[in-house]
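As the structure lists them, so they are numbered: ligands from 1, and atoms in each ligand from 1. From a predicted model like this one, the values you see are computed outputs, not experimental measurements.
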Amino acid sequence: MSDVVARPAGLKKVADFTRMDQSTEADYALITFEHKALGRALPGVILGMLEAQKGDPMGYQVTRYEHALQSATRAFRSGASEEMVVAALVHDVGDSLAPYNHPELAAAMLKPYVSPETHWIVHHHGIFQGLYYFHHLGRDRHVREAYRGHEHFEATAAFCENWDQVSFDPNYDSMPLSAFEPALHRIFERTPHGPATKQ
Ligand SMILES: [Fe+2]
Ligand SMILES: [Fe+2]
């Protein structure tokens, strides 16, 4: 990991345009260079988001921080792949910014760095997790059946059954966040893929 990258010679300090339809290739050489710094900073931003979940447990017996660690620890101890362990660690990191559709936020964050399967699991975990509590809210707990037969159905069901829905236990011996930091760096420092990240 490297936080400081040498600035190419001849790069502008500031772009000239005030509206994109007046931008130039030289402007975008600069913007592209600067934008990559966001990618390099991402692991630190995510770690900060996880740390911020240490606060109010909001009625649960564990904080969202503990839930994240516990989910990731269970995934790790199950022998899950490194990207799946990291996905388990961050699967609820969108709670604060997207309280009504948090799975989409974590999935979007992961998408350029993980397999389609891992992305699908995180994106759909909220609906699948509904099996365990939607009926308490007057909703259909089997709403995930709409996806029955999908190639990632069983893996998503297993994610919820074995790692997510069980990780509200204050007596579980979770691994510390520091144990997952190297893996988190390795996943989010992969070369990103996807249309929005092509260089
Ligand atoms: Fe969730
Ligand atoms: Fe969760």
Side-chain angles (χ1 to χ4, degrees), residues 42-43 45-148 150 152-177 179-181 183-184 187-188:
L42 186 56
V45 171
I46 295 168
L47 287 167
M49 291 171 76
L50 286 165
E51 293 279 354
Q53 293 192 317
K54 280 179 175 173
D56 190 340
M58 299 188 304
Y60 294 105
Q61 292 194 46
V62 301
T63 62
R64 288 174 299 152
Y65 177 77
E66 169 58 23
H67 174 66
L69 294 179
Q70 204 168 126
S71 300
T73 301
R74 291 181 192 279
F76 178 80
R77 289 176 179 161
S78 300
S81 68
E82 184 163 90
E83 75 170 42
M84 201 62 248
V85 171
V86 170
L89 183 69
V90 305
H91 76 281
D92 283 338
V93 84
D95 275 349
S96 300
L97 285 174
Y100 301 105
N101 60 339
H102 74 272
E104 293 172 41
L105 198 149
M109 197 175 73
L110 284 161
K111 190 174 184 180
Y113 304 100
V114 299
S115 67
E117 180 183 33
T118 299
H119 172 259
W120 204 94
I121 291 169
V122 174
H123 190 274
H124 292 85
H125 84 265
I127 285 171
F128 278 63
Q129 191 87 328
L131 178 68
Y132 307 99
Y133 73 96
F134 277 0
H135 50 300
H136 300 315
L137 305 173
R139 297 175 61 187
D140 177 8
R141 66 187 298 195
H142 299 292
V143 65
R144 71 187 196 174
E145 289 303 317
Y147 296 100
R148 177 72 66 179
H150 188 280
H152 302 315
F153 185 98
E154 295 302 334
T156 310
F159 175 96
C160 291
E161 173 71 16
N162 301 321
W163 304 333
D164 195 357
Q165 64 96 11
V166 289
S167 291
F168 298 90
D169 181 353
N171 297 313
Y172 187 79
D173 61 331
S174 294
M175 293 155 62
L177 182 58
F180 299 111
E181 283 188 30
L184 188 142
I187 298 303
F188 286 100

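In this structure, the ring of Y147 has its center less than 6.0 angstrom from the ring center of W120.
Under the rule for a side-chain contact (heavy atoms from CB on, under 4.5 Å), the partners of A98 that lie at least two apart in sequence or sit in another chain are N101, L105. In terms of the salt bridge (Lys or Arg N to Asp or Glu O under 4.0 Å) criterion, R139 has no residue partners (sequence neighbours excluded). Remark: R144 pairs with no residue by the salt bridge (Lys or Arg N to Asp or Glu O under 4.0 Å) rule, at least two apart or across chains.
Screening the protein for N, O or S atoms under 2.8 Å from the Fe ion (ligand 2) yields 4; no waters enter the count.
No salt bridge links E104 with K111; every basic N to acidic carboxylate O contact stays at or beyond 4.0 Å.
Atom OG of S78 and atom CG of N162 lie 6.0 Å apart (nearest 0.5 Å).
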